[in-house]
Student: 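Before I ask anything, here is the structure I am working with.
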Amino acid sequence: MNQILPSPAERACIRQHLADDIRALALKLRPADNLRPQYVLQQIAGHQAMKKKMPQWADAEDIVYPVHLSLEQCSSADTASYKALILERICPRLENFADLTSGFGVDFYAMSMRAEAAFYVERNEELCQIASHNFAILGRENFKIVNGNGVDFIKNSDACFNCIFLDPARRDSHGGKTIHIQDCEPNIVEFQDILLEKSDYAIIKLSPMLDISECLRLLKNVMELHVVASGNECKELLVVMRRKPGISSPKIYAKNDDQILEFTRDTEAATPYRIASSIEPGMYLYEPNTAIMKAGAYKTLSERFDIDKIHSISHLYVSRLLVEDFPGRKFQIVRTGSVKDFRDLKKANIAVRNFPMKPEELRKKMKIADGGEVYLFATTIAGDKKVLIECRKV
C-alpha cells in the first residue's frame, strides 16, 4: 500500500504545485529523498484532469490518482450519474452489484451507492490499492475489492447478481483503440451467455463509434440502448441487457447533457417522412444534437417536435414557429440561394450537410473568412436542389 501513497515530502510538493503547468514543473523537479518526480507529476496531472471530470473527487484531500490512461478511460461525473439513474430505474431494489472492470472506480462508485453488497473487480493490483484508499477517503462502505479477472470472478461465483456492469478494454495488444465488440477485452459476444446467466441485468459500456445495428445484431436480450453525449460530443454507448428474453424492439435513448429523446427503431421505421415544401426567410432551422444524430431518430424528431426535414437525407429541419425546447442548435433563416447569391458575404461559420463540397473547399471558392455571427449551411433540399442557407443563431 505504501508505494501508492505519497510521502510527507511528496504530499507537500503536490499541494504546493496543484495549479502549476505540468510541462514546466517537469523541467524543475529532481529526484530527492522521499520525492519521486514522476509520481508527483502523475498526482498533479490527475488532480487537474479530475477537476474537470469529477470535481467531487478532486476536491477531496489525499485522493490518489493512477497513470494517465486510467484517468482518460474513466467516466465523468455526468456520465457516471446517468448510469446510476439507469440502474435505479431497472433495479429499484439492488441487493448485489458487480463491476467487472472497475478501473479508477468512478462508475463503480456512482452505480453501487444503493447496493447492499457491491463488488469492485479489477485485475490491476495497483488500481485495487488506489480504490481501497480513495473509497475510504470518500466515506464509501459496503463494498468488497476483488483483485482478479472479471470473467473468472463471474464464472467462479455462486451468486446471481441484480446487475453486472462491464466496460471492456477497447485497446489492442499494441495499445491502439478498437471499436468493434468482438475486438474488446473481454469479448462480450463470447461472454454474454455467462453474463446473462449470472445477472438479472447487464450494462455494457461500448465505444461511441460503434454502429448501433452491430450492437443489436450481436448482443442478446437488449432491452435498452443509450447514446450518451456531453457538450454535444458522443462519449459512450450503453447497452442494457436482461436475462429474460422476448424484447421485440429495444428502447433507444439519445442523451446530450439534460436533453433526452426516447424512441424505438420500430416506431422510427413506421413514422412517415415530413419534408418541407419550401424554405423561406424568417423560418427557423434546426440542427439536432450529436446524440440524436448517432441514434438515428430522424423521423421521430419531426413528429415529436412538429418540424419538417429539408430532405430525406439532409438532417436539418425547419418550422415557421420557433420550437424553444428543440434538442440541438436553433437558427433563424435570413436568405437562401446559390454560391453566386452570396458574393457580398465576407465572413461566416460554414457547415456542410449532404453537399458535394467540404467546408474548406466552399470557403476557398467563396473567398470568405471563418467566424462571426453568420451561419451558412450548404445542403440539399426537396427536389435534390443544392442550396446555401444563411442563418443567425437563436
Side-chain angles (χ1 to χ4, degrees), residues 209 211-213 227 229 232-234 254 256 261 263 265 268-324 326-394:
M209 300 296 292
D211 182 63
I212 289 175
S213 296
V227 180
N232 209 33
E233 179 184 351
C234 277
N256 178 63
L261 182 73
F263 71 107
R265 283 198 156 187
E268 172 70 13
T271 301
Y273 271 113
R274 289 178 46 169
I275 307 297
S277 58
S278 64
I279 298 176
E280 303 164 10
M283 294 176 71
Y284 295 94
L285 182 139
Y286 308 91
E287 182 185 46
N289 67 47
T290 187
I292 289 172
M293 297 286 280
K294 172 71 178 179
Y298 306 125
K299 294 187 288 182
T300 300
L301 200 60
S302 283
E303 182 180 59
R304 200 75 53 87
F305 292 93
D306 194 23
I307 54 180
D308 298 327
K309 276 195 107 188
I310 64 170
H311 185 277
S312 61
I313 56 174
S314 299
H315 304 313
L316 295 169
Y317 301 76
V318 292
S319 69
R320 295 193 178 276
L321 298 176
L322 177 62
V323 180
E324 294 278 2
F326 178 81
R329 296 199 298 173
K330 304 181 286 289
F331 305 85
Q332 188 163 30
I333 297 172
V334 176
R335 56 176 169 163
T336 66
S338 60
V339 171
K340 63 181 177 61
D341 297 317
F342 291 86
R343 289 173 181 165
D344 61 315
L345 204 56
K346 304 300 181 185
K347 191 175 187 180
N349 303 278
I350 295 180
V352 168
R353 301 289 183 268
N354 187 23
F355 196 78
M357 295 176 69
K358 295 180 179 178
E360 55 270 23
E361 294 172 337
L362 186 58
R363 186 179 305 284
K364 185 177 180 180
K365 180 176 181 178
M366 297 180 70
K367 298 179 181 179
I368 62 175
D370 186 25
E373 297 181 357
V374 175
Y375 290 80
L376 196 63
F377 287 89
T379 188
T380 303
I381 63 173
D384 293 332
K385 183 181 178 182
K386 309 299 180 187
V387 299
L388 301 186
I389 306 174
E390 180 185 337
C391 306
R392 297 293 191 278
K393 202 170 185 180
V394 174

Student: How long is the straight-line distance from CZ of Phe326 back to CG of Leu261, given to the nearest 0.5 Å?
Tutor: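 These two atoms lie 9.5 Å from each other.
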Student: Under 4.0 Å between a side-chain nitrogen and a carboxylate oxygen: does that hold for Lys330 and Glu324?
Tutor: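 A salt bridge is absent here (no side-chain N lies under 4.0 Å from a carboxylate O).
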Student: Any sub-3.5 Å donor-acceptor pair from Arg363's side-chain atoms to Ala369's backbone N or O?
Tutor: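 Yes; at least one donor-acceptor contact below 3.5 Å.
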Student: Return yes if some donor-acceptor pair links the side-chain N/O of Asn232 with the main-chain N/O of Asn289 below 3.5 Å, else return no.
Tutor: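 Checking the backbone N and O of Asn289 against the side chain of Asn232, no donor-acceptor pair under 3.5 Å is found.
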Student: Which value, rounded to the nearest 0.5 Å, describes the distance between Asn256 atom CG and Glu233 atom CD?
Tutor: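 Reported value, rounded in 0.5 Å steps: 10.0 Å.
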Student: In Å and rounded to the nearest 0.5 Å, what is the CG to CZ distance from Leu362 to Phe342?
Tutor: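 Atom-to-atom, Leu362:CG and Phe342:CZ are 10.0 Å apart.
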Student: If we ignore hydrogens and angles and just use 3.5 Å, is the side chain of Asp370 paired with the main-chain N or O of Asn349 as donor and acceptor?
Tutor: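 Not at all, since once roles are kept as given, no pair shorter than 3.5 Å links the two residues.
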Student: Is the NZ atom of Lys386 crowded by more than 12 outside heavy atoms at less than 6.0 Å?
Tutor: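 More than 12 within 6.0 Å, yes.
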Student: Using atom types as modelled and distance alone, determine if a side-chain donor or acceptor of Tyr286 lies under 3.5 Å from a backbone N or O of Val323.
Tutor: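 Yes; at least one donor-acceptor contact below 3.5 Å.
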Student: Distance check, rounded to the nearest 0.5 Å: His311 atom NE2 versus Ile279 atom CD1?
Tutor: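 That separation rounds to 10.5 Å.
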Student: Please check this pair: side chain of Gln332 against backbone of Tyr284, looking for a donor-acceptor N/O pair closer than 3.5 Å.
Tutor: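 No: the side chain of Gln332 does not pair with the backbone of Tyr284.
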Student: Return yes if some donor-acceptor pair links the side-chain N/O of Thr380 with the main-chain N/O of Lys385 below 3.5 Å, else return no.
Tutor: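 No, Thr380 side chain to Lys385 backbone: no donor-acceptor pair under 3.5 Å.
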Student: Just jot down the ring pair (Phe, Tyr, Trp, His ring centres under 6.0 Å) partners of His315, sequence neighbours excluded, or say none.
Tutor: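 Counting only residues at least two positions away or on another chain, His315 forms a ring pair (Phe, Tyr, Trp, His ring centres under 6.0 Å) with Tyr298.
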Student: Please report the interatomic distance CG(Leu285) to OG1(Thr336), rounded to the nearest 0.5 Å.
Tutor: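 Answer for the CG-OG1 pair, Leu285 versus Thr336, is 11.0 Å.
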Student: Taking atom CZ of Arg353 and atom CD1 of Ile310, what is their separation to the nearest 0.5 Å?
Tutor: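 Arg353 atom CZ to Ile310 atom CD1 measures 10.0 Å (nearest 0.5 Å).
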Student: Which residues pass the ring pair (Phe, Tyr, Trp, His ring centres under 6.0 Å) test with Tyr317, sequence neighbours left out?
Tutor: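 Scan of Tyr317 (ring pair (Phe, Tyr, Trp, His ring centres under 6.0 Å), adjacent residues dropped) gives none.
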Student: What pairs with Tyr375 under ring pair (Phe, Tyr, Trp, His ring centres under 6.0 Å), at least two apart in sequence or on another chain?
Tutor: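 Checked Tyr375 against ring pair (Phe, Tyr, Trp, His ring centres under 6.0 Å); matches are Phe331.
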Student: For Pro272 versus Lys299, what's the shortest heavy-atom pair and its separation?
Tutor: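 That closest heavy-atom pairing would be C-CD, 4.0 Å.
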